[in-house]
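Remarks on the structure that follows.
Read the numbers this way: they start at 1 and go in the same order the structure lists the ligands and their atoms. Just so it is clear, the structure is predicted and the values come from calculations on it, not from any experiment.
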Amino acid sequence: MNKIVVIGTSRGIGKELVLELASNPDNEVYALSRSNNDAFSAHTNILFHSFDLESPTVRADAKAIFETIGTINFMVNNAGKLVNKPFTEITAEELQSCYQVNILGIFQTMQAALPFLNENGCHVVNISSMGGYQGSLKFPGLSAYSTSKAAICSFTELFSEEYKDTKIAMNCLCLGAVQTEMLEEAFPGYEAPHQPSEMAKFIADFLYTGYKFFQGKILPVSISNP
Ligand SMILES: NC(=O)c1ccc[n+]([C@@H]2O[C@H](COP(=O)([O-])OP(=O)(O)OC[C@H]3O[C@@H](n4cnc5c(N)ncnc54)[C@H](OP(=O)(O)O)[C@@H]3O)[C@@H](O)[C@H]2O)c1
């Protein structure tokens, strides 16, 4: 039985990822998000835990959840918050909130997760964005979002260096556009090349096998040229 934790699961890519992972009866999928999703109730191998990356006690909250789960084999840090505003109009609260969800809360959650990651083999995948990938095309309005997504890329490299002598692997996928509510809210009418279910399948396959080929890597997942 694989125990798989996914953070950020109520909608979009995270929701589809939970359903994709749960389609394998050998998986027990732990969905951590602020809200549940009705689609999960039909699956006995999906276990929802209410979890907020913006909670001031996020590290303790995460520890309490991981204590009920036990040893974790796979983990996907998928939660994200997008702020689309001109640089000078971004408030301190919006900046703080964006960073709390996209990097600070995940950093603290990983601190809590460490004792529970299977020492015989565990793959953690962080979900970043092409906007946070060095040298990629950038978009005005995304200074808070994309810099916080760049931070999780860097975190992946630093965590991997510190744990390179263990069997805990961490990689980071920088996604291009996917047709989700987040994209529609930020860029109404934009047509993305991928549906959330397609991206979820890719992430699930990468989660199962990517650690054999990549460790501590920041990988662009984009069909743009270059
Ligand atoms: N869609 C794209 O084009 C695109 C492109 C590049 C990268 N990405 C990245 O891919 C990931 C998924 O994106 P998406 O488009 O599926 O976004 P989405 O539809 O907005 O879903 C984001 C998920 O994050 C969760 N979340 C937000 N704040 C949270 C918090 N404080 N604590 C816990 N969970 C929280 C939300 O659940 P709750 O509200 O229940 O908490 C939601 O399920 C994100 O990291 C995003 O940055 C997306």
Side-chain angles (χ1 to χ4, degrees), residues 5-20 29-40 46 48-59 61-62 65 75-84 93-94 96-110 112 125-133 136-139 142 144-153 155-156 172-204 206-207 218-224:
V5 172
V6 183
I7 299 182
T9 57
S10 64
R11 65 180 200 171
I13 299 164
K15 173 202 156 197
E16 296 298 333
L17 179 62
V18 167
L19 293 172
E20 172 65 29
V29 187
Y30 295 87
L32 276 57
S33 222
R34 290 172 303 179
S35 357
N36 204 344
N37 187 292
D38 289 346
F40 297 165
I46 298 177
F48 172 75
H49 288 269
S50 176
F51 181 64
D52 185 356
L53 286 161
E54 291 197 76
S55 160
T57 55
V58 61
R59 184 171 173 174
D61 299 347
I65 294 171
M75 183 160 175
V76 182
N77 291 314
N78 168 76
K81 175 163 181 156
L82 192 148
V83 174
N84 181 9
E93 290 73 23
E94 286 167 334
Q96 176 65 41
S97 171
C98 193
Y99 267 69
Q100 187 61 40
V101 176
N102 293 344
I103 175 64
L104 302 178
I106 292 168
F107 190 112
Q108 292 166 297
T109 299
M110 289 313 302
V125 173
N126 296 325
I127 303 299
S128 182
S129 163
M130 280 304 290
Y133 187 77
S136 69
L137 188 65
K138 298 294 186 283
F139 295 92
L142 298 187
Y145 174 74
S146 294
T147 55
S148 65
K149 285 298 191 181
I152 197 171
C153 292
F155 170 66
T156 304
C172 184
L173 298 177
C174 296
L175 309 188
V178 181
Q179 202 67 51
T180 66
E181 291 95 328
M182 174 193 274
L183 187 77
E184 183 57 28
E185 284 161 12
F187 301 102
Y190 188 92
E191 286 188 23
H194 300 296
Q195 293 302 314
S197 57
E198 293 176 284
M199 189 56 84
K201 278 196 171 59
F202 172 79
I203 295 169
F206 183 78
L207 186 66
I218 302 162
L219 302 164
V221 182
S222 168
I223 54 172
S224 65

I'd like to know if the side chain of E20 and the backbone of K201 have a donor-acceptor N/O pair within less than 3.5 Å. no
Show me the donor-acceptor pairs within less than 3.5 Å that the side chains of residues 5-15 make with the rest of the protein, sequence neighbours left out.
from	atom 1	to	atom 2	distance (Å)
R11	NH1	E185	OE2	3.0
R11	NH2	E185	OE1	3.4

Can you name the ring pair (Phe, Tyr, Trp, His ring centres under 6.0 Å) partners of F155, sequence neighbours left out? F107, F159
Enumerate the protein residues lying less than 4.0 Å from ligand 1, judged by heavy-atom distances, in chain and residue-number order. G8, T9, S10, R11, G12, I13, S33, R34, S35, F51, D52, L53, E54, N78, A79, G80, V101, I127, S128, S129, Y145, K149, L175, G176, A177, V178, T180, E181, M182, L183
Exam field: side chain T109 to backbone A62, donor-acceptor pair closer than 3.5 Å: no
Contacts of D52 meeting side chain to side chain donor-acceptor pair (under 3.5 Å) (sequence neighbours excluded), chain-then-number -> none
Between F206 and F202, what is the ring plane arrangement, given parallel below 30°, perpendicular above 60°, and tilted in between? parallel
